[in-house]
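Owing to the predicted nature of the structure, the values given are computational and were not obtained by experimental measurement.
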Number of protein chains: 2
Amino acid sequence: MTETRWLTAEQLSAWKKLIAVVELLPGTLESQLQRDSGLSHFEYFTLAMLSEAPDRTLRMTSLAAHTNATLARLSHVVSRLEKRGLVRREACAEDRRATNAVLTPAGWTTVVAAAPGHVGTVRETVIDPLTTADVADLDRIMGRILEVLDPSHVMVGAPTTDD
Amino acid sequence: MTETRWLTAEQLSAWKKLIAVVELLPGTLESQLQRDSGLSHFEYFTLAMLSEAPDRTLRMTSLAAHTNATLARLSHVVSRLEKRGLVRREACAEDRRATNAVLTPAGWTTVVAAAPGHVGTVRETVIDPLTTADVADLDRIMGRILEVLDPSHVMVGAPTTDD
DNA sequence: ACCAAATACTTGACGCTACAACTATTAGGC
DNA sequence: GCCTAATAGTTGTAGCGTCAAGTATTTGGT
């Protein structure tokens, strides 16, 4: 066991601010979405991923990867969304172990209605306080961190619009 | 109601990466602390804040602010930490409505033992992948975002070491 | 062709957090 | 000095996520 390498003052400052953002940001997004659309951020994100998929359909495993959830968590969430009529489950023809999650028309309507308010919050809290250069820096830095947290790039791929 | 201003490609890219980090980072920290020290990140953070306070003592309201928790949440957590002998509650002499949370010797030992492993994880996932310039950029950018999320700077102040 | 291991989920139980309701104490208005 | 409002904290409940266990199907070795 080698000696602990502590953080420099600059590193500590940056770290503390990052952790503060990580703690505060989810709550902010959560409140706005819950208040205006009755969705948790994870529910919104799930619907958004489906809305971008071909046929608005995704296998559970794939959807779990895109939303960074365990299969168990996703299964519970999809059950709730299904009860509310926003998502439908469908047996997969090619692999009978698999289940497809399909966005219903009501689900589509819900995401589309929720999107502007959500984007507004994202702007207010993150994008608008930053300059163009800041945004580029943020992109680069988060990219480097994700190289470690998500080496297989499961959560980055989606090159479409929305969210 | 004005029209929705959507995000540019650059903004969207940066946003998606930030949200991925926000989703993935807590789980990583959580796992390491739980595995190596039997603490949740919030419990660790609570103990760490107490360890930096004068007399290792803080009023519940103040501790709640430093950890960005509601009083209700903190009360539950302190109850559990108290059962494990890491924290002690103490009536406040000046204001009899108030309660002080005090770090016990066992609590101090626990944080001190947990810190190196935690810092190691922080290094691996966030600091080491970044250049010196990146760290400065990160500090600046998170600072701007916190200006919105935490205008009263409740979560930033603590100028001491640790964590 | 067969059997073990891997894959793709689902379900139930438990722990933690948010929300609401409640108690106790202090501060302010007049 | 009252009486109301604000402050400080605790507790119970309900909802969501994790973990462990279980089912169904497919893959791969021989």
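- Going from atom CG of B/Leu81 over to atom C1' of D/dT10 covers 16 Å, rounded to whole Å.
- Contact annotation for A/Thr70: backbone-only contact, meaning every heavy-atom pair under 4.0 Å involves sugar-phosphate atoms and none involves a base.
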Set out, line by line, the N/O atom pairs under 3.5 Å between protein and nucleotides 1-7 of chain D.
{"from": "D/dT7", "atom 1": "O2", "to": "B/Arg97", "atom 2": "NH1", "distance (Å)": "3.0"}

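- Electrostatic pairing of B/Arg144 and B/Asp139 does not count as a salt bridge here, judged by no charged N lying under 4.0 Å from a carboxylate O.
- Under a 4.0 Å N-O distance rule, the pair B/Glu90/B/Arg59 does not qualify as a salt bridge.
- Residue A/Thr99 is classed as a sugar-phosphate contact, given heavy-atom separations below 4.0 Å to backbone atoms only.
- Heavy-atom distances to DNA chain D give each of A/Ala93 and A/Arg73 a nearest nucleotide, and the one nearer the 5′ end belongs to A/Arg73.
- To the nearest angstrom, P of C/dT11 lies 13 Å from CZ of A/Arg80.
- Across residues 83-92 of chain A, A/Arg89 each have a non-hydrogen atom less than 4.0 Å from an atom of DNA chain C (numbered order).
- A salt bridge does not link B/Arg88 to B/Glu82: none of the charged nitrogens lies less than 4.0 Å from a carboxylate oxygen.
- Counting non-hydrogen atoms under 4.0 angstrom, A/Ala72 reaches a base of the nucleic acid.
- Aromatic ring pairs are classed by plane angle as parallel below 30°, tilted from 30° to 60° and perpendicular above 60°; the pair B/His41 and B/His118 is tilted.
- The side chain of A/Ala98 lies closest to C/dC9 when the candidates are D/dA8, C/dC9, D/dG17.
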### Task
Start with the C-alpha distance between A/Thr104 and A/Arg56, add both sets of side-chain angles, then the distance that settles side-chain hydrogen bond (donor to acceptor under 3.5 Å, both in side chains), and finish with yes or no.
CA-CA 8 Å; A/Thr104 64; A/Arg56 295 171 191 170; over 6 Å; no

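- Axis angle, first five pairs versus last five pairs of the helix from C/dA1-D/dT30 to C/dC30-D/dG1: 30°, rounded to 10°.
- Counting distance only, with no hydrogens placed and no angle test, the side-chain atoms of A/His76 and the base atoms of D/dG15 include no donor-acceptor pair under 3.5 Å.
- Both B/Arg59 and A/Arg96 lie near DNA chain D, and the one whose nearest nucleotide falls closer to the 5' end is B/Arg59.
- Side-chain polar atoms of B/Thr67 and B/Arg73 form no donor-acceptor pair below 3.5 angstrom.
- Nucleotides of DNA chain C nearest to B/Glu94 and B/Phe42 differ in position, and the one nearer the 5' end is that of B/Phe42.
- A/Leu63 places its CG atom 14 Å from the C1' atom of C/dA8, with the value rounded to the nearest Å.
- The separation between B/Leu71 atom CG and C/dC19 atom C1' is 14 Å, rounded to whole Å.
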